[in-house]
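Computation of the quantities below employed the complete heavy-atom set of this structure, encompassing side-chain atoms and omitting hydrogens, waters and symmetry-equivalent molecules. We name chains A, B, ... by the order of the sequence lines, and we start the count at 1 in each one.
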Amino acid sequence: MPELPEVQTICQSLSRQLTGLRIESAQQISKLRKSVATADLDLFCRGKTIAQICRRAKYILIHFSDQSGLILHLGMTGCFIINPEDGIALKHERVCWHLSDGSRWRFCDARRFGSLQLCPSSLSFEKHPALIGLGIEPLQENFTGQYLKELCQLRKVPIKTLLMDQSHVVGVGNIYANEALFRSRISPRKLATRLSKVQCEHLANAIQDVLTAAIAAGGSTIRDYHDVDGSEGHFSLQLQVYGRSGLLCPNCNTVIRRLVQAGRSSFYCPHCQRG
DNA sequence: ATATTCCCCTGGAAGC
DNA sequence: TGCTTCCAGGGGAATA
């Protein structure tokens, strides 16, 4: 479900609502792809204060004041709800934390592709196995056309597959890979190694532009994604190719096509994206 | 080492 | 109305 803009939006909301609160107790209600037994989770979290919440790739990092923390991933359908304690489990509620202000922070996830991992104070977040192999943050200043060109060199994968590989560039998933390629007029099938310097410049800029615009719009709600307060992301209205096969290209009126790459749908305009 | 394929799981939409 | 099939913002393990 969530890519960088959605995770960023959720992090900002969590940060506003949870920073400074203490965890009274924690409970795992049912398992996720990676999760922690209730007894261990409760022992780990109990009495700790939430100092800071930030994002790395599509992971949410909960920093406690004792330097330990939690590493959360939303998978495809994960979401959070924070509301007054009512003692009633929500549908698909997987983990919950009881907080010092009387509220309950719930991690819900229908498909259970999400994950929860512990990061002890003895281990810095960057060295945690979940985060150690991750690639560059695309909104960082050193993510340039030149950097992307070097990444593409020697790689005989389609550029779209490379963009979605979190060990190279993080945060770009299926929606924004498709949109960035459309904006830079590059075919999703083009082999990474065959991109020119200029195309890499355009693509790096397109990735930054589309992610920035999506963050400003609060992300893209296609079906499941909602912010912590339940609100939808409005960037879905600005999507130009994602999910639009059979509809007309906004630039040239050619019919947008769908193809499958590495098991995921790609959407593109066969006329605009010939490069 | 690096690149596709399959699987994890649930629910909504579309087709018959 | 109901059953079946396909599809979904991710990632990791098992294959080629």
| In chain order, what residues pass the ring-ring contact (aromatic ring centres under 6.0 Å, His included) check against His63(A), with sequence neighbours excluded? |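 ring-ring contact (aromatic ring centres under 6.0 Å, His included) check on His63(A) returns Phe125(A).
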
| Taking only residues two or more places apart in sequence or in another chain, which ones pass ring-ring contact (aromatic ring centres under 6.0 Å, His included) with Phe143(A)? | none

Mind calculating the distance between [atom1] ([X]) and [atom2] ([N]) to the nearest angstrom?
{"X": "Leu72(A)", "N": "dG10(C)", "atom1": "CG", "atom2": "P", "value": "17 Å"}
{"X": "Leu154(A)", "N": "dA3(B)", "atom1": "CG", "atom2": "C1'", "value": "15 Å"}
{"X": "His92(A)", "N": "dG12(B)", "atom1": "NE2", "atom2": "C1'", "value": "11 Å"}
{"X": "Arg264(A)", "N": "dC6(B)", "atom1": "CZ", "atom2": "P", "value": "15 Å"}
{"X": "Ile132(A)", "N": "dG12(C)", "atom1": "CD1", "atom2": "P", "value": "14 Å"}
{"X": "Leu134(A)", "N": "dG11(C)", "atom1": "CG", "atom2": "P", "value": "9 Å"}
{"X": "Ile175(A)", "N": "dA8(C)", "atom1": "CD1", "atom2": "P", "value": "11 Å"}
{"X": "Leu32(A)", "N": "dC8(B)", "atom1": "CG", "atom2": "P", "value": "17 Å"}

| Close side-chain approach of Cys119(A) to Ser68(A), heavy-atom, < 4.5 Å | no

Side chain of [X] - closest among [options]:
{"X": "Lys58(A)", "options": "dC7(C), dG11(C), dC9(B)", "value": "dG11(C)"}
{"X": "Val157(A)", "options": "dA3(B), dT10(B), dA8(C)", "value": "dA3(B)"}
{"X": "Arg112(A)", "options": "dC7(C), dT10(B), dG11(C)", "value": "dT10(B)"}
{"X": "Met164(A)", "options": "dA8(C), dG11(C), dG10(C)", "value": "dG10(C)"}

Answer with base, sugar-phosphate or nothing: what part of the nucleic acid does [X] contact at a heavy-atom distance below 4.0 Å?
{"X": "Thr161(A)", "result": "nothing"}
{"X": "Gly263(A)", "result": "nothing"}
{"X": "Tyr242(A)", "result": "sugar-phosphate"}
{"X": "Lys91(A)", "result": "sugar-phosphate"}
{"X": "Phe235(A)", "result": "nothing"}
{"X": "Pro158(A)", "result": "sugar-phosphate"}

| message | My understanding is that only one of Leu116(A), Ile23(A), Ile53(A) makes a side chain to side chain contact (heavy atoms under 4.5 Å, CB included) with Ile62(A); could you say which? | response | Ile53(A)

| said: Quick check, does Phe113(A) stack with dG10(C)? I mean ring centres under 5.5 Å and planes off by under 30°. | reply: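 Stacked: centres under 5.5 Å apart, planes under 30°.
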
| remark: In Watson-Crick or G-U wobble terms, with both distances under 3.5 Å, the base opposite dC9(B) is none

| request: Report yes if at least one side-chain N or O of Ser265(A) is closer than 4.0 Å to OP1 or OP2 of dC7(C); otherwise report no. | output: no

| request: Tell me whether the OP1 or OP2 atom of dT2(B) has a side-chain N or O from Lys156(A) closer than 4.0 Å. | output: no

| Distance, P atom - from dG11(C) to dA1(B), rounded to whole angstrom | 22 Å

| field | Residue mapping more 5' on DNA chain B - nearest nucleotide basis, Arg94(A) or His168(A) | value |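 It is His168(A), whose closest nucleotide lies nearer the 5' terminus.
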
| Gap separating the NE2 atom of His226(A) from the OG1 atom of Thr221(A), nearest 0.5 angstrom | 6.0 Å

| request: Determine, step by step, whether Asp66(A) and Ser121(A) satisfy the side-chain hydrogen bond (donor to acceptor under 3.5 Å, both in side chains) criterion, reporting the C-alpha distance in whole Å, the side-chain angles of both residues, the deciding distance to 0.1 Å, and the verdict. | output: CA-CA 7 Å; Asp66(A) 70 346; Ser121(A) 54; 5.1 Å; no

